Structure formats: C-alpha cells, structure tokens
Amino acid sequence: QVQLVESGGGLVQAGGSLRLSCAASGRTFTTFRNYYMGWFRQAPGKERELVAGLMWSSGSIYYSDSMKGRFTISRDNAKNTVYLQANSLKPEDTAVYYCAARYYTGSIYYVDPNDYTYWGQGTQVTVSS
C-alpha cells in the first residue's frame with residue numbers, strides 16, 4: 001500500500017504563492033522510480049481536474065493547458081516528495097488539491113483521475129480577492 005500525504009495549503013491573497021508538498025511512503029513503496037505522479041484539484045461543484053503530472057524516472061512533465069505558466073511540478077528523489085509550486089494565484093484557483101500516483105505503464109501522461117491508484121487526503125487552497 002502507498003500512502004500520500006499533502007501539505008502546504010492555506011489561505012493566500014490573490015497574486016500570492018504557495019508550495020504544496022506530497023510525501024510518499026508505504027510498505028511496498030521503496031521508490032517513486034516506477035510511478036507517475038499527478039497533482040489534481042477539485043473546486044466545489046466541479047470535477048476533479050489535472051493540474052500537472054510527472055514521470056518520476058525520466059522527469060517528463062505534463063501541464064494541463066489552463067495551468068501552464070503559473071504552476072510548476074517538481075520532485076526530490078532523496079525525500080520521496082513531489083512539489084507543486086503555485087504562483088500568481090487567483091480566486092478561481094481555490095480548491096482542494098490532491099496528490100495521486102499510479103504505476104507507470106508506458107503512457108506519455110495520465111489525465112483522467114480514474115487512471116490513478118493512490119490518492120492523498122487533499123490540502124485546501126483558498127485564494128482571497
């Protein structure tokens with residue numbers, strides 16, 4: 001089993017920044033190397049959407065079109081942690097942000113939340129105007 005724990009959410013004014021963290025652990029999870037990681041978000045009344053994805057072994061990154069330019073996904077191998085840097089935040093970025101993981105099976109990226117096996121509990125990001 002894999003456990004994902006997000007942190008770093010909070011209340012921020014419009015134009016501000018946050019860095020979200022996703023720490024992975026688990027009895028059968030010794031390395032992220034064979035996994036694809038995703039950051040999703042879900043606003044009230046809306047579907048869960050992919051913000052960014054990262055193939056751990058290659059570092060290949062995917063951003064949803066609407067997220068390009070203000071969000072940056074990265075990883076720290078030593079800490080088994082994936083980050084999401086969010087800049088120039090807007091009130092419409094208010095959502096619960098989730099970290100997700102799946103075993104990599106060859107796709108360039110995985111957009112559908114149903115493609116992911118493991119999920120964190122989410123961290124709330126609220127952007128005030």
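Source: prediction; values computed, not measured.
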Nearest atoms (heavy-atom pairs only) where [X] meets [Y]:
| X | Y | result |
| --- | --- | --- |
| A14 | S129 | CB-CA, 4.4 Å |
| L50 | S64 | O-OG, 2.6 Å |
| V127 | T94 | N-OG1, 2.9 Å |
| M37 | L4 | CE-CD2, 4.2 Å |
| Y63 | I73 | OH-N, 3.0 Å |
| Y97 | E6 | O-OE2, 4.0 Å |

Quiz item: Do F40 and W119 have ring centroids that are under 6.0 Å from one another?
Solution: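 Between W119 and F40, the centre distance is under 6.0 Å.
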Exercise. With sequence neighbours excluded, tell me which residues meet salt bridge (Lys or Arg N to Asp or Glu O under 4.0 Å) with R19.
Key: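 For R19 there are no salt bridge (Lys or Arg N to Asp or Glu O under 4.0 Å) partners, ignoring immediate neighbours.
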Practice problem: Could you go through the side chain to side chain contact (heavy atoms under 4.5 Å, CB included) check for V96 and T123 one step at a time? | Solution: CA-CA 5 Å; V96 178; T123 185; over 6 Å; no
Self-check item: Backbone of K79 reached by a side-chain donor or acceptor of T81 within 3.5 Å
Solution: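 Side chain of T81 to backbone of K79, a donor-acceptor pair under 3.5 Å: yes, one is there.
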Quiz prompt | Polar side-chain atom of R48 near backbone of Q42 as donor-acceptor pair, under 3.5 Å | solution =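 Answer holds: no.
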Quiz item: Taking the six-membered ring of Y35, is NZ or CZ of R102 closer than 6.0 Å to its centre and within 45° of its axis?
Solution: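 No, R102 does not sit over the ring of Y35.
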Do [X] and [Y] have side chains that get closer than 4.5 Å, going by heavy atoms?
| X | Y | answer |
| --- | --- | --- |
| Y103 | T117 | no |
| L54 | Y36 | no |
| Y116 | Y98 | no |
| L89 | Q13 | no |
| Y104 | N34 | no |

Quiz prompt | side chain to side chain donor-acceptor pair (under 3.5 Å) against Q85, all qualifying residues, sequence neighbours excluded | solution =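 Once residues adjacent in sequence are excluded, the partners of Q85 under the side chain to side chain donor-acceptor pair (under 3.5 Å) criterion are N87.
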Self-check item: Whether over 12 other heavy atoms sit under 6.0 Å from Y83 OH
Solution: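 Count over threshold, so yes.
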Quiz item: Does V51 share a hydrophobic cluster with Y110, counting links as ILVMFWY side-chain heavy atoms below 4.5 Å and allowing steps through other members?
Solution: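 Different hydrophobic clusters.
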Quiz prompt | Check against side chain to side chain contact (heavy atoms under 4.5 Å, CB included), D65 and M67 | solution = CA-CA 5 Å; D65 286 343; M67 310 298 176; over 6 Å; no
